[in-house]
Amino acid sequence: MNSEKSAMTKPPMLTAQQALDHLLSNAKAVSESETVAMQAALGRVLAENVNSLVDVPPLDNTSMDGYAVRTLDTQAPGSTLKIAQRIPAGSMGAQLELGTAARIFTGAPVPPGADAVVMQEDCAIPEGSTDQVQVNIAPTAGQWIRRRGEDLTAGKTALTAGTYLRPQELGVAASAGLTHLNVKRKVRVAAFFTGDELSLPGEPLKPGGIYNSNRDTLLACIKSLGCDATDFGIVPDSLEATKETLRKASKDHDLIITSGGVSVGEEDHIKPAVTSEGRLDLWQIAIKPGKPLAFGAVRKSGENKDGETWFIGLPGNPVSSFVTFLLFVRPFILKLQGRDAGMPQSYPMRADFDWLKGDRRNEFLRVRINAQGGLDLFPNQSSGVLTSASWGDGLLDCPPGHTFKAGELVKYIPFNSLLA
């Protein structure tokens with residue numbers, strides 16, 4: 001009797017960290033790269049280090065509108081100097097002579113001989129004068145001067161391989177004199193959705209049917225990460241249809257994502273289909289929402305029959321599907337792209353509500369920041385209520401069995417850090 005009970009005992013559920021560690025231990029960055037123009041590089045990942053072609057800035061220049069001076073001439077406040085030259089940005093000044101100042105504008109090269117800039121607010125033009133300036137402070141050497149190469153030095157690394165290219169990185173590359181960047185090719189992701197009850201928006205609903213919200217949610221998540229996404233649509237609830245779609249999706253993609261069909265019911269065909277076309281692990285993860293997750297690989301069909309395409313099957317409930325994508329699929333894709341990946345960064349925030357019934361699973365509650373700087377809770381945390389994710393601006397990471405009262409600090413994960 002005891003042996004029978006032991007055989008029927010379910011394996012322990014994986015923690016979120018255990019599941020993610022297993023996923024990431026399998027993921028390898030795509031090896032192919034391409035060279036693209038600067039404006040086509042936004043949201044891509046650098047394939048190689050980028051070295052600066054120039055010193056940035058190329059010359060010592062002023063960071064303020066004002067007057068370039070010698071500190072020897074301005075050791076006491078109130079020193080009066082002759083304005084000997086005017087240097088706008090884009091012009092080169094002449095040697096600054098003793099007892100003179102140069103009117104200078106932001107970004108202009110500091111003239112030889114000057115060792116400080118005094119901003120115009122600290123200067124005055126003596127009454128009736130047109131060519132003199134009174135310096136009302138005693139500047140220190142180097143004041144308001146940006147030194148040549150203080151940002152970038154010619155020949156040195158400006159950006160490293162694996163950098164995700166945001167607008168600011170493109171600006172760094174442009175300041176380094178570059179017009180094109182070598183980037184990793186885009187990760188190619190296929191998605192399809194199972195369930196005879198599903199209809200696409202715009203179609204008449206079937207008896208007992210629902211509109212497929214997961215299609216638009218997950219495809220948007222995939223595209224937000226800079227992937228090429230292919231939509232294989234809604235697949236009929238049959239083993240052969242599921243296998244055929246897996247074969248098609250495996251040809252030219254790095255990853256296949258599905259939603260629904262990862263349970264063990266008679267109409268759930270993902271497990272036998274993937275097992276037939278490749279290999280599969282079906283996990284139970286100790287999180288809420290999003291308990292079931294399938295991970296494996298499908299043998300490639302077509303010309304590259306020796307390779308495999310990764311497979312991740314998500315649960316069908318819309319919030320479960322969304323949350324498990326953020327926690328597990330996103331880091332997996334990041335690693336395929338060659339980016340840093342891991343559990344999302346959380347931040348301590350004040351909860352402005354009580355949570356007095358801790359679940360045995362790690363809960364991810366939909367919350368949003370209120371005007372007082374605390375977190376409010378969406379009142380319905382059901383895995384089928386997708387409006388909780390639309391209303392919220394992040395997740396509260398609540399450990400297993402954890403409870404708290406209003407005013408306590410909790411772990412907050414903002415959505416805007418999970419969708420790029």
Worksheet item: What's the verdict on side chain to side chain contact (heavy atoms under 4.5 Å, CB included) for I270 and F311, showing C-alpha distance, side-chain angles and the deciding distance?
Response: CA-CA 10 Å; I270 290 294; F311 172 86; 3.4 Å; yes
Item to complete: Give the C-alpha distance, both sets of side-chain angles, the deciding distance and a yes or no for side chain to side chain contact (heavy atoms under 4.5 Å, CB included) between I312 and L293.
Response: CA-CA 7 Å; I312 300 178; L293 188 78; 4.0 Å; yes
Worksheet item: Is there a side chain to side chain donor-acceptor pair (under 3.5 Å) between H253 and T230 once you walk through the steps?
Response: CA-CA 9 Å; H253 296 90; T230 304; 2.8 Å; yes
Discussion item. Walk me through whether Y67 and R103 qualify under side chain to side chain contact (heavy atoms under 4.5 Å, CB included).
Written reply: CA-CA 5 Å; Y67 295 86; R103 180 72 167 112; 3.4 Å; yes
Worksheet item: Would D397 and F364 count as a side chain to side chain contact (heavy atoms under 4.5 Å, CB included) if you check the C-alpha gap in whole Å, the side-chain angles of each, and the deciding distance to 0.1 Å?
Response: CA-CA 5 Å; D397 180 357; F364 291 90; 3.7 Å; yes
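Between A161 and N49, the closest heavy-atom pair is N-OD1, 2.8 Å. A pairwise comparison of heavy atoms in L181 and A173 identifies CD2-CB, 4.1 Å as the closest pair. The two residues K271 and L280 come nearest to each other via the heavy atoms CA-CD2, 3.4 Å. Contact between D55 and R148 at its shortest, heavy atoms only, is OD2-NE, 2.8 Å. Here the closest heavy-atom approach between residue M349 and residue L375 is recorded as CB-CD1, 3.8 Å. Residues L152 and S175 come closest through the heavy atom pair CD1-OG, 3.8 Å.
Two residues are said to be in side-chain contact when any heavy atoms from C-beta on lie closer than 4.5 Å; I369 and Y412 meet this criterion. No side-chain heavy atom of Q95 sits less than 4.5 Å from a side-chain heavy atom of T100. Counting only heavy atoms from C-beta outward, the side chains of D393 and P414 never approach each other to under 4.5 Å. Contact check for D237 versus T194: side-chain heavy atoms found under the 4.5 Å cut-off. Side-chain contact between N317 and N214: absent, with no pair of heavy atoms (C-beta onward) separated by less than 4.5 Å. Counting only heavy atoms from C-beta outward, the side chains of F404 and L396 approach each other to under 4.5 Å. Counting only heavy atoms from C-beta outward, the side chains of I257 and F325 approach each other to under 4.5 Å. Side-chain contact between T217 and S321 is absent, with no heavy-atom pair separated by less than 4.5 Å.
Residues E34 and R44 are paired through a salt bridge, judged by an N-O separation under 4.0 Å between the basic side chain and the carboxylate. The pair R188-D252 does not count as a salt bridge, with every side-chain nitrogen at least 4.0 angstrom from each carboxylate oxygen.
Take R166 and apply the salt bridge (charged side-chain N to carboxylate O under 4.0 Å, His left out) test, not counting sequence neighbours, and it matches E169. Here R366 pairs with nothing under the salt bridge (charged side-chain N to carboxylate O under 4.0 Å, His left out) rule; sequence neighbours left out.
At a cut-off of 3.5 Å, with distance as the only test, a side-chain donor of T309 or K300 sits close to an acceptor on the other residue.
Listed for the T163 side chain is no donor-acceptor partner under 3.5 Å among the backbone atoms of L165. Judged by distance alone, with hydrogens and angles left aside, the side-chain atoms of S129 form no donor-acceptor pair with the main-chain N or O of I125 at under 3.5 Å. Formation of a donor-acceptor pair under 3.5 Å by the D115 side chain with backbone atoms of T71 is found in this model. At distances below 3.5 Å, not a single donor-acceptor pair connects side-chain atoms of Q381 with backbone N or O atoms of E363. Side-chain atoms of N362 never come within 3.5 Å of backbone atoms of A286 as a donor-acceptor pair (strictly under, hydrogens ignored). A donor-acceptor pair under 3.5 Å links the side-chain atoms of R330 to the main chain of A420, judged by distance alone. K335 contributes a side-chain N or O that, together with a main-chain N or O of L24, makes up a donor-acceptor pair within less than 3.5 Å. Distance alone, capped at 3.5 Å, places no donor-acceptor pair between the T140 side chain and the Q143 backbone. In terms of modelled atom types and a separation under 3.5 Å, the side chain of S388 and the main chain of V385 share a donor-acceptor contact. Looking at S259, its side chain does come within 3.5 Å of a backbone N or O of P315 through a donor-acceptor pair.
When ring centroids are compared, F415 and F322 come within the 6.0 Å threshold. A ring-centre distance under 6.0 Å is not found for F295 and F328.
Shown here is W283, whose CH2 atom has more than 12 heavy atoms of other residues, nucleotides or ligands within 6.0 Å. D340 CG: 12 or fewer foreign heavy atoms inside a 6.0 Å radius. No more than 12 heavy atoms of other residues, nucleotides or ligands sit less than 6.0 Å from atom CD of Q39. Atom NZ of K248 sits in a sparse spot, with 12 or fewer heavy atoms from other residues, nucleotides or ligands closer than 6.0 Å.
Interatomic distance, I285 CD1 to L327 CG, rounded to the nearest 0.5 Å: 9.0 Å. Atom-to-atom distance recorded for S79:OG and R70:CZ is 14.0 Å, nearest 0.5 angstrom. For the atom pair CG of N370 and CZ of R350, the computed distance is 6.5 Å after rounding to the nearest 0.5 Å. To the nearest 0.5 Å, atom CG of residue L418 and atom SG of residue C221 are 9.5 Å apart. Annotation: the span from C227 atom SG to L219 atom CG amounts to 11.0 Å, rounded to 0.5 Å. Note: E277 CD to R247 CZ = 4.5 Å, rounded to the nearest 0.5 Å.
W355 and F353 have perpendicular rings, their planes meeting at more than 60° on a 0 to 90° scale where under 30° would count as parallel.
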